[in-house]
Amino acid sequence: MPKKAEKKESTLETTNEQVDVKVTNEETTEIVTEIQEETISTEKAESTEENVDLSKFDWHNYEEGIDQVDDKQIKEFEKLVEENFVETLTNNVVEGTVVHMTEREAIIDINAKSEGVISLNEFRYNPNLSVGDKVEVLIDIREDATGQLILSHRKARVIKAWERVNNAHDTGEIVNGFVKCRTKGGMIVDVFGIEAFLPGSQIDVKPIRDYDQYVNKTMEFKVVKINHEFKNVVVSHKALIEADIELQKKEIIKQLEKGQILEGVVKNITSYGVFMDLGGVDGLIHITDLSWSRINHPNELVELDEQIKVVILDFDEDKSRIQLGLKQLSKHPWEALADDVKVGDVVKGKVVVIADYGAFVEISEGVEGLIHVSEMSWSTHLRSAQDFFNVGDQIEAKILTFDREERKMSLGVKQLTPDPWTDITKKYPVDSKHKGIVRNFTNFGVFVELEEGVDGLIYISDLSWTKKIKHPREFCNTGENIEVVVLELDVDNRKLSLGHKQLSENPWNKYESEFSLDSIHNSEVTEIVPKGATVQFNEDVIAFIPSRHMIKDDGSKLQKGEVVDLKVIEFNKDTKRVVLSHTQTFRDVEEMNKKVMTKKMKEDKESSKNTLGDANEQLQELKNKMDGK
């Protein structure tokens, strides 16, 4: 086919497709008719191309493939197409018109080749749907197997709803929502057909106790969060009123003054205080500012929604914080305390708090005194306050110190009974014997209570004459009765020195003579130890044999169980130490024998020397006689 024919054929197809658009305007019909006539005349010219006079041939029409059209007509045609032509691409959302309705379906015209059909179930939210209404639809399938245009109003609503929700979140637009039902932690709200979550904390600025009152209500909300991955939307009604409340707060705070008395409603109660609604602005009454007396929880004094008067203690304009007080509305109890209260008075009160260091006693509402644990008993053995009192006990105490300006008072209970140390010298003179109770231990001794307020100490060295005690627990137990003797008494410092071993005679006085130095004892070797051996003479005396003193006369060493002679080579009564030697028992004999032999030899030597001398003298005398002298 010639190039010219191809161009004209293409032009014709394009023109025919454009003419298929549904145009109801008469001008559009006329323009299309003119174009078709021009196209036909062109085709006729083409068929008689061989007979055309070249001198009269329109080269412009030949090159363009169509006859020239007026610009004004082209612009009018483009305008009509733009106004009436609909892009029927799949998954596009377009606006359509309800042109007909049956019992089950609605016929929708979107200016396409054919109308679409949508089930009325998708319009259940709008029971007033009628012919002529404009609705948004999604082109689900442009043309199915039967040539039908498939539309969906439900899908279009979802897509448009997400667009609106995203737009509302980005711009901060206020949207309307229908509260459908309660759920865990909040409510489910229908916003543009999407189920959004309304947290309980975002319903109102004050805590909500009854969520059901909001069900089936239409309210205004602000979209505060969108999770695109899980398609979750979070809305807030509280955010809408917070801005207004914040402005109201600033205006109200500007008018506040310290000491001003206001009336408010109890909004919330916590363990540390009470939140008050002062008419658009909140304030806190700390638990310590509720009452002059001690309370365990604020609900002992106030209830939710109760209307009470409070006084402004302090406020912060920048942080919009207001500190309130309730007890400050009444006079301080210390100021109402009688003027005749003084040190030394005995007062009655109730134990309100117990601590490790003492107990607080309320003698009148809001007036408390402290009984230190050291003032509960004359005993120097300190215990816990719980050992003496319980919370709620009614007791008597004596005022020890009293400071009205500082509002402090110290009390004592032990002062109500006589001091046991006043006549201590009569009760517990030195060398007197008594029975006491073991109270506690130290590394150096045992504390024994003779009576309430009178404790004494037994040093570890005064527990036993014979036992080697490393810690007092080896000798006695807490709570046991023990006999003691008073060794020393210091009244000024309230100290009492006691002894237990002094109740009996020191057996080592007897052992000192029995196991005197150089005494010989025939005993059994009880145990072999690393540096020697031990010999147990009795329950109190265990002697030690050093290794060098275990050598026998034949050169061997003593063995366990051997019965041999042992010599005491060391005795110390204070350290209870006895040292023995077997070696010295036979070496002493040898030494003695050696001394005897030496002495005898010396005597024999001297005896021999005297005999020769005498003989010489005798010979000399004999010679002299012979010589006649």
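All of these numbers come straight from a predicted model, not from anything done at the bench. Each residue takes its place number in the sequence, starting with 1.
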Just distance, no hydrogens or angles: give the donor-acceptor pairs under 3.5 Å from side chains in residues 183-204, sequence neighbours left out.
from, atom 1, to, atom 2, distance (Å)
Asp190, OD1, Gly193, N, 2.8
Glu195, OE2, Lys180, NZ, 2.6
Gln202, OE1, Ser236, OG, 2.7

Worksheet item: For residues Asp490 and Asn493, is any side-chain donor paired with an opposing acceptor at under 3.5 Å?
Response: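 Indeed, the side chains of Asp490 and Asn493 share at least one donor-acceptor pair under 3.5 Å.
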Discussion item. Does either side chain, that of Gln213 or that of Asp210, offer a donor lying less than 3.5 Å from an acceptor on the other one?
Written reply: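 No - no donor-acceptor pair under 3.5 Å links their side chains.
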Item to complete: Go through the steps to decide whether Ser523 and His521 satisfy the test side-chain hydrogen bond (donor to acceptor under 3.5 Å, both in side chains), and finish with yes or no.
Response: CA-CA 6 Å; Ser523 299; His521 304 271; 5.8 Å; no
Discussion item. Quick check on Glu488: does its CD atom have over 12 non-hydrogen neighbours (other residues, nucleotides or ligands) under 6.0 Å away?
Written reply: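 No, not enclosed.
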Item to complete: Take atom CD of Glu570 as the centre, draw a 6.0 Å sphere, and report whether it contains more than 12 heavy atoms from other residues, nucleotides or ligands.
Response: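 Yes.
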Worksheet entry | Carboxylate-amine/guanidinium proximity below 4.0 Å for Lys427 and Glu451 |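 Looking at Lys427 and Glu451, the cut-off is met.
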Discussion item. Any carboxylate oxygen within less than 4.0 angstrom of a Lys/Arg side-chain nitrogen, looking at Lys398 and Asp345?
Written reply: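 No salt bridge links Lys398 with Asp345.
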Item to complete: Apply side chain to side chain contact (heavy atoms under 4.5 Å, CB included) to the pair Ile469 and Ser464, showing each step before the final yes or no.
Response: CA-CA 8 Å; Ile469 301 171; Ser464 175; 4.2 Å; yes
Practice prompt. Evaluate the ring planes of His237 and Phe221, with Trp represented by its six-membered ring, and classify them as parallel (under 30°), tilted (30 to 60°) or perpendicular (over 60°).
Written response: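 Ring orientation of His237 relative to Phe221: perpendicular.
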Fill in: His434 and Tyr428 aromatic ring geometry - parallel, tilted or perpendicular at 30°/60° bounds
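The arrangement is perpendicular - the two ring planes meet at more than 60°.
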Item to complete: Taking the side chain as every heavy atom from C-beta outward, state whether Val568 and Val579 have any atom pair closer than 4.5 Å.
Response: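 Val568 vs Val579: side chains apart.
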Item to complete: If a pair satisfies ring-ring contact (aromatic ring centres under 6.0 Å, His included) and one of its residues is in residues 242-292, list it, with sequence neighbours excluded.
Response: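 Listed once each, the pairs are Trp292-His332.
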